[in-house]
Structures are given as C-alpha cells and as structure tokens.
Undergrad: 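Would you mind keeping the following structure in view while I ask a few things?
Just follow the structure's listing: the first ligand is 1, and inside any ligand the first atom is 1. Note that this is a predicted model, so its numbers are computed, not measured.
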Amino acid sequence: MATDNPTQITLLRGDITEEHVDAVVNAANSSLLGGGGVDGAIHRRGGPAILEECRELRGSHYANGLPAGQAVATTAGDLPARWVIHTVGPVYSAAQDRSGLLASCFTESLRVAQELGADSVAFPAISTGVYSWPVDDAARIAARSVRTAQRTVPDIRFVLFDDQALSAFEAAFEREA
Ligand code: APR
C-alpha cells in the first residue's frame, strides 16, 4: 500500500540527548524514576521536569510501574526534543523468547509518537546495555518492527552510542531492506 509520506530511517552514531527531533525514546525501567545508561543521560540533560511528570504517571496511570513493551510520553524538559517517550525493554533471556516485548517497545513508541503528532523520533538501542540483549539480534528486531509498524512517523532515527552498535544496526537494516 503506497503511503503518502514514506518513513525515512536514518542510522547515526551520537548522543541521543543532543538529537533535534520531536520525540526522543528513553530505554527506561518500569519504575520510570531514572537509572543509568541512556535513562540517566536523558534525565541528567533533560532536567527535573521529566522526573516530575514520571512521578505523576506513577501516581496515576502507572501505580505499579510501566510494564515491559509499553510506552508513555512526558515533556523533554531541557532537551532539544519536545517529548520523551519512555519505553521499558525486556531483559534478555537465553531461556525465554522475549523478542515480542522488544518489538513492542518500537511499535508502541511509534504509536505514541504518531498520537502526539510528532514528525520525527530518535531511538536508542533499547535493551542492549544493562538489559544485555545481543546487539545484532536487537538490531534485527528493531529493523523489522519499524519497517512493519502500522502506526509510524515520517522521520525515524536510530542514535547509536558506539561503533559496534552502529555497525550492527547498519547490517540489520541492510538485511531487512
Ligand atoms: N545516547 C544514545 N545511546 C546511549 C546513550 C546516549 N546518551 N547512553 C547509553 N546509550 C546506549 C547504550 O550504549 C546501549 O547501546 O543505549 C543502549 C541501551 O543501554 P541502556 O541505557 O543500558 O538501556 P537498557 O539496556 O535498555 O537497560 C535499561 O538500564 O539505565 C538503566 O534505568 C535503565 O533500568 C534501566 C536499564
């Protein structure tokens, strides 16, 4: 089905907190109260306004935390972006196939972005840090998810923090072309 605004997907190396997009996706944890990695960078650079809205979410819709695979938006505070879309990746397990949950992080974040009216979204390599997901497999899941997402936005970027992740994503998007 032809789409009037085909999605453009860009892969780049960089710091996602510096990306000038409408929405930056955060690899959060279920508490939504911050952490290390990209979560820590976003809260550090974005400032307290983000955490304030996360606390409000915990006090209302997400009293028990944001489940893995789901996504929710807050202000982006002092970041160049307008929104942060927090999503919780699954922790990698060799015993259990959690790839559906990781795919859902991408498709749910795109759904939220579209509902916000965002034209551009930047993703980190969700679950490939503290949550130990092998980066090649995460890249494969990311490529397939954003390519087949029903709800999407015109400009999708993957901002990779190191060369290994960038190469893995470049290879995955080649294969999934
Ligand atoms: N910009 C872009 N990517 C980044 C940045 C940054 N500033 N900082 C880290 N990354 C990359 C990491 O190198 C990794 O490739 O983000 C990817 C995801 O790693 P994590 O941030 O560790 O996220 P994840 O593996 O999903 O684990 C989530 O870690 O930080 C905590 O609170 C977070 O508990 C949650 C868990």
Undergrad: With atom 9 (C) of ligand 1 as the reference point, say which of Val91, Ile42, Asn26, Val38 has the nearest heavy atom.
TA: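 The option holding the nearest heavy atom is Val38.
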Undergrad: Nearest non-hydrogen contact with atom 32 (O) of ligand 1 belongs to which option: Thr87, Asp39, Ile126, Leu160?
TA: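 The option holding the nearest heavy atom is Asp39.
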Undergrad: Counting from 1, what ligand 1 atoms have a heavy atom of Gly129 closer than 4.0 Å?
TA: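 Going through ligand 1 atom by atom, the ones under 4.0 Å from Gly129 are 18 (C), 19 (O), 22 (O), 25 (O).
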Undergrad: Going by the order shown, which atoms of ligand 1 are within less than 4.0 Å of some heavy atom of Ala27?
TA: 23 (O), 26 (O), 28 (C), 33 (C)
Undergrad: Could you tell me the separation between the CZ atom of Arg111 and the CD atom of Gln150, rounded to the nearest 0.5 Å?
TA: 13.0 Å
Undergrad: Quick one: look up the protein heavy atom nearest atom 13 (O) of ligand 1 and list residue, atom name and how far away it is.
TA: Phe161 CB, 3.7 Å
Undergrad: Quick one: does Pro124 get an N or O within less than 3.5 Å of an N or O on ligand 1?
TA: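 Among all N and O atoms of Pro124, none is under 3.5 Å from an N or O of ligand 1.
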Undergrad: Just need the protein heavy atom nearest to atom 31 (C) of ligand 1, so name the residue and atom and give the distance.
TA: Gly36 N, 3.6 Å
Undergrad: Check this for me: does any side-chain nitrogen of one of Glu176 and Arg144 sit under 4.0 Å from a carboxylate oxygen of the other?
TA: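 Judged by the 4.0 Å cut-off on N to carboxylate O distance, Glu176 and Arg144 do form a salt bridge.
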Undergrad: My understanding is that we take every heavy atom of each candidate and find the minimum distance to atom 18 (C) of ligand 1. Doing that for Ser31, Ala125, Gly37, which one comes out nearest?
TA: Ala125
Undergrad: How far is atom 7 (N) of ligand 1 from the closest protein heavy atom, and which atom is that?
TA: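 Atom 7 (N) of ligand 1 sits closest to the protein heavy atom Asp15 OD1, 3.0 Å.
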Undergrad: Using a 4.0 Å cutoff against the non-hydrogen atoms of Ser127, which atoms of ligand 1 qualify?
TA: 24 (P), 25 (O), 26 (O)
Undergrad: Considering heavy atoms of the protein only, find what lies nearest to atom 14 (C) of ligand 1 and give residue, atom and distance to 0.1 Å.
TA: Thr128 OG1, 3.4 Å
Undergrad: Mind checking whether Tyr92 and Tyr131 have ring centres under 6.0 Å apart?
TA: no
Undergrad: So which protein heavy atom does atom 1 (N) of ligand 1 come closest to, and at what separation?
TA: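 Scanning the protein heavy atoms, the shortest distance from atom 1 (N) of ligand 1 goes to Ile16 N, 3.0 Å.
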Undergrad: What part of Ala41 sits under 4.0 Å from ligand 1 if we count only heavy atoms: the side chain, the backbone, both or neither?
TA: side chain
